[in-house]
Amino acid sequence: GAVVSQHPSRVICKSGTSVKIECRSLDFQATTMFWYRQFPKQSLMLMATSNEGSKATYEQGVEKDKFLINHASLTLSTLTVTSAHPEDSSFYICSAPDREDGYTFGSGTRLTVV
Amino acid sequence: QQQVKQSPQSLIVQKGGIPIINCAYENTAFDYFPWYQQFPGKGPALLIAIRPDVSEKKEGRFTISFNKSAKQFSLHIMDSQPGDSATYFCAASKSYNTDKLIFGTGTRLQVFP
């Protein structure tokens with residue numbers, strides 16, 4: 001089936017630095033990528049929707065200048081957490097629509113800001 | 001109208017039991033209702049999904065029951081096993097594989113031997 005490869009799986013960074021998370025669709029073209037954030041023992045909350053070649057659409061309450069999304073090709077979307085702070089520590093997951101399963105999810109990135 | 005309400009929050013059953021997880025929605029524009037299984041530290045994986053034109057769908061030990069008039073749907077896990085212990089999320093979307101998914105709050109299932 002369709003695979004979305006997400007890297008890194010875990011990252012620890014210092015407060016004030018930036019972190020980039022990559023999601024690649026391996027065997028299909030992902031014109032759209034959904035980015036979710038999941039806090040411990042909570043549900044997935046949609047942060048933004050990116051479309052290849054255009055600006056991302058952010059959900060209400062999500063700072064677009066803090067969470068930079070780039071979708072420059074049909075197989076790669078990136079999320080950059082800028083000037084990260086401890087409250088940004090979370091599990092970030094990407095998801096792309098595909099014909100087989102509807103939506104294929106990446107394996108997630110555990111971000112810890114110290 | 002965008003919410004999907006899920007219950008119970010947690011569920012404990014013995015091996016062989018049939019846990020049932022329920023979800024309810026308000027937005028009648030939703031057209032696709034999947035269930036996901038998530039293990040700690042992993043992304044969600046699709047278990048089974050249903051469209052509003054059918055009332056029940058079975059895949060292996062997993063069954064979705066769908067009540068369009070009540071705007072409710074549920075997941076039944078037959079002959080549950082310890083390996084089924086995970087968090088389960090229902091979700092809804094206005095359009096299969098194009099519109100965003102709205103997730104329920106999740107149910108943590110524990111199956112004891």
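Just so we're on the same page: letters track the sequence lines, and every chain starts at 1. Here the structure is a predicted model, which is why all the values come from computation and not from measurement. Any value given below was found using the heavy atoms of this structure, including those in side chains, with hydrogens, waters and symmetry copies removed.
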Fill in: B/Ser10 portion near chain A, given a 4.5 angstrom heavy-atom threshold
neither

Worksheet item: Does a sphere of radius 6.0 Å around CD in B/Gln9 hold more than 12 heavy atoms from other residues, nucleotides or ligands, not counting ones at 6.0 Å or beyond?
Response: no

Worksheet item: So what's closer than 4.5 Å to chain A heavy atoms on B/Phe89: side chain, backbone, both or neither?
Response: side chain

Worksheet item: Thinking salt bridges, do A/Glu22 and A/Lys20 make one under a 4.0 Å N-O criterion?
Response: no

Discussion item. Any salt bridge linking B/Lys15 with B/Asp79? Criterion: basic side-chain nitrogen under 4.0 Å from a carboxylate oxygen.
Written reply: no

Worksheet item: Where do B/Tyr25 and B/Phe30 come nearest, in terms of heavy atoms and distance?
Response: CD1-CD1, 3.9 Å

Worksheet item: Which bit of B/Gln38 is near chain A, if near means a heavy-atom gap under 4.5 Å: side chain, backbone, both or neither?
Response: side chain

Practice prompt. Determine whether the side chains of A/Thr104 and A/Asp98 contain a donor N or O and an acceptor N or O closer than 3.5 Å.
Written response: yes

Response to the item:
Bottom line for A/Gln6: the part with an atom under 4.5 Å from chain B's heavy atoms is neither

Worksheet entry | Salt bridge flag under 4.0 Å for residues B/Asp53 and B/Lys68 | no

Worksheet item: Quick one: of A/Thr109, A/Leu44, A/Ile93, who has the most non-hydrogen atom pairs under 4.5 Å with chain B?
Response: A/Leu44

Fill in: Best-contacting candidate, B/Ala49, B/Ser93, B/Gly41, against chain A by heavy atom pairs under 4.5 angstrom
B/Gly41

Fill in: A/Phe91 portion near chain B, given a 4.5 angstrom heavy-atom threshold
side chain

